[in-house]
Student: 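Dropping a structure here in structure tokens format, bear with me for questions.
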Amino acid sequence: MVKVAVIMGKMDSGGKKNLVMEYFRHINRDEVQFDFICDADSKAVPEDEIKALGGQVFYIRPYQHIFKNMKDLYAILKANDYDVVHAYNSTMNVFSMCVAKKAKVPVRISESLSMAHKGEFKTVIKQMLKPMSKLFATHLTACGEDCGRWQFGKKAFNSGKVAIFKTVINAEANAFDPELRQVTRQEYGLDGKIVIGHIGRFVPQKNPLFLIDIFNEIHKLNNDAVLLLIGTGEEENKILRKIENLNLGNYVKFLGGREDIVQFYNAMDAFVLPSLYEGLPVVGLEAQSCGLPVIFSTEVTREVSAGGLSYFLDLNAGAKAWAKEILAAIESNKEGRRSYVKEVSVNGFDSDSEAKRLQRYYYDAIDRSGASK
């Protein structure tokens, strides 16, 4: 049995959580055990599912108290004799890799899941930590080529030192369901409406205020348009104020943070992700599986495209241009909407096949380290 300590940092609703859980659900759990180590202020740890799948959950003090965080992590690693530590905190991985080396864990994997944007303050910290994120690690992985190059550098990437394990989803679970679409649209008063959707944290990275500008322009062109917002975050009050100032309150539905999101993909007519930066967004893949046109900013890697439903627009094009492109994409997809499960799977985003590949990677890494399984 290979014992893997998965370092999650803050485990909240979102792409990182969905990604790691998809791997856990599909890996051979008779041979690989995942234990999750999460910051104590995590808001969406699926403890019941993790335990049902044979894993454990440990909580440590939040990374804002970094030395206490590292002390807690060290105690857990020493007590549980792990073969592998797999850290999913991008540039912050330097801290968990350091602790894992001190605890003598033989295989230490630093994973890149995201990038950065020059307009954000925390980008300064990321740039400082980025060169160190390889330190103490025995292996480097990333969810896509762009993330791997950004965090670990072109030299490391081009020399084959970075393994790519794609962002994965359960494509079948996100298939288009016409009956579910009808039921959801009736339940939420969306019949006869053009439904624009967004799922994500309300943080500057996701550019939510620009999303409201886009929707304002859409509403000027079609007053039957409705915006569905699913998520929570620090920008929520700013979003609410902007909606009020633009008199859009009757046309925007805040649904909060929730896990039952498949029904909303079905209810939507387009999905919009105007992010300042991303890794390889899970929501983009889920939306495509459900047959939704997805309008990304050009700051999102084109690796996320899994069929003919992806559109990429420059943020500098402005809200009016985005609004026109979104409505055109909806019109082109109006007739004969279908699932894109096959396209998503064929393009390498299938949970089952990637989980098997990750398992082989663990075994190979342990063999090379000289540790026994």
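Position 1 is the first residue of the sequence; numbering continues from there. Only this structure's heavy atoms are used, side chains among them; waters, hydrogens and symmetry mates stay out.
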Student: Hey, what's the ring geometry for Phe271 with Tyr265, parallel, tilted or perpendicular (30° and 60° as the breaks)?
Tutor: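 Geometry flag for Tyr265 against Phe271: tilted rings.
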Student: Centre of Phe176's six-membered ring, under 6.0 Å away, within 45 degrees of the axis: is that where NZ or CZ of Arg181 sits?
Tutor: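 Arg181 over Phe176 ring: no.
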Student: If you compare all heavy atoms of Gly192 against all heavy atoms of Arg185, which two are closest, and at what distance to 0.1 Å?
Tutor: N-NH2, 4.1 Å
Student: Does atom CD of Glu234 have more than 12 heavy-atom neighbours from other groups under 6.0 Å away?
Tutor: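 Result for CD/Glu234: enclosed.
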Student: Tell me whether Asn174 contacts the main-chain N or O of Cys290 through its side chain, where contact means a donor paired with an acceptor under 3.5 Å.
Tutor: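 The answer is no, because no donor-acceptor pair under 3.5 Å joins these two groups.
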Student: Against the six-membered ring of Tyr82, is Lys3 placed for a cation-pi contact (under 6.0 Å from the centre, within 45° of the normal)?
Tutor: yes
Student: Do Asn207 and Leu315 come close enough that some side-chain heavy atom pair is under 4.5 Å?
Tutor: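 Yes, their side chains come closer than 4.5 Å.
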Student: Assess Arg302 against Phe312: is NZ or CZ under 6.0 Å from the centre of the six-membered ring, and within 45 degrees of the ring's axis?
Tutor: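 The answer is yes; both the distance and angle limits are met.
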Student: Should Glu235 and Arg201 count as an ion pair when the cut-off is N to O under 4.0 Å?
Tutor: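 Salt bridge flag = no for Arg201 with Glu235.
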Student: Less than 4.5 Å apart, any side-chain heavy atom of Ser90 and any of Glu111?
Tutor: no
Student: Determine whether the side chains of Arg25 and Asn170 contain a donor N or O and an acceptor N or O closer than 3.5 Å.
Tutor: no
Student: Between Asp260 and Arg258, does any side-chain N to carboxylate O distance fall below 4.0 Å?
Tutor: yes
Student: Could you walk me through whether Phe215 and Tyr251 pass the ring pair (Phe, Tyr, Trp, His ring centres under 6.0 Å) check?
Tutor: CA-CA 9 Å; Phe215 180 69; Tyr251 310 102; 7.4 Å; no
Student: On the six-membered ring of Tyr74, is Lys102 placed so that its NZ or CZ lies under 6.0 angstrom from the centre and within 45° of the ring axis?
Tutor: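 So Lys102 does make the cation-pi contact.
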Student: Is a donor on one side and an acceptor on the other found under 3.5 Å between the side chain of Ser42 and the backbone of Cys38?
Tutor: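 Between the backbone of Cys38 and the side chain of Ser42 there is no qualifying donor-acceptor contact (under 3.5 Å).
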Student: Given the rule that I, L, V, M, F, W and Y join up when any side-chain heavy atoms are under 4.5 Å apart, are Val262 and Ile169 in one cluster?
Tutor: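 No, Val262 and Ile169 fall in different hydrophobic clusters.
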Student: What orientation do His86 and Tyr362 show, parallel under 30°, tilted 30 to 60°, or perpendicular over 60°?
Tutor: perpendicular
Student: Can you measure from SG (Cys147) to CD1 (Ile164) and round to the nearest 0.5 angstrom?
Tutor: 8.0 Å
Student: Say whether Asn93 and Ser110, considering side chains only, have a donor N or O and an acceptor N or O under 3.5 Å apart.
Tutor: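 A pair is found: one side chain offers a donor N or O, the other an acceptor, under 3.5 Å apart.
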Student: Does some side-chain heavy atom of Val294 sit less than 4.5 Å from a side-chain heavy atom of Gln288?
Tutor: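 The answer is yes, as the side chains (C-beta and beyond) meet within the 4.5 Å cut-off.
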Student: Not counting sequence neighbours, which residues clear side chain to side chain contact (heavy atoms under 4.5 Å, CB included) with Lys101? List them please.
Tutor: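 For Lys101, the residues satisfying side chain to side chain contact (heavy atoms under 4.5 Å, CB included) (neighbours in sequence not counted) are Arg108, Phe136.
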Student: What are the two closest heavy atoms between Gln359 and Ile27, and how far apart are they?
Tutor: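 For Gln359 versus Ile27, the nearest heavy atoms are OE1-CG1, 3.4 Å.
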Student: Do Phe210 and Ile326 share a hydrophobic cluster (ILVMFWY, side-chain heavy atoms under 4.5 Å, transitive)?
Tutor: yes
Student: Do Ile7 and Met97 share a hydrophobic cluster, counting only Ile, Leu, Val, Met, Phe, Trp and Tyr and linking them when any side-chain heavy atoms are less than 4.5 Å apart?
Tutor: yes
Student: If I compare all heavy atoms of Phe296 with all of Pro281, which pair ends up nearest, and what's the gap?
Tutor: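 For Phe296 versus Pro281, the nearest heavy atoms are CE2-CG, 4.2 Å.
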Student: Are the charged groups of Lys68 and Asp72 less than 4.0 angstrom apart, N to O?
Tutor: no
Student: If every non-hydrogen atom of Glu286 is compared with every non-hydrogen atom of Asn18, which pair is closest and at what distance?
Tutor: OE2-ND2, 4.1 Å
Student: Find the distance between CD (Glu325) and CH2 (Trp322) and round it off to the nearest 0.5 Å.
Tutor: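 Output value for this atom pair is 9.5 Å.
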Student: With ring pair (Phe, Tyr, Trp, His ring centres under 6.0 Å) as the test, would you mind laying out the steps for Tyr59 and Phe36 before giving the verdict?
Tutor: CA-CA 8 Å; Tyr59 291 98; Phe36 289 75; over 10 Å; no
Student: Does either side chain, that of Ser275 or that of Glu299, offer a donor lying less than 3.5 Å from an acceptor on the other one?
Tutor: no
Student: Check the side chains of Lys356 and Asn28 for a donor-acceptor pair under 3.5 angstrom, ignoring hydrogens and angles.
Tutor: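 On atom types as modelled, these side chains do not qualify, holding no pair under 3.5 Å.
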Student: What closest approach, in Å, do Ala306 and Glu343 show between heavy atoms, and which atom pair accounts for it?
Tutor: O-CB, 2.9 Å
Student: So, taking the atom named CG in Asn347 and the one named CG in Leu285, what distance separates them when rounded to the nearest 0.5 Å?
Tutor: 9.5 Å
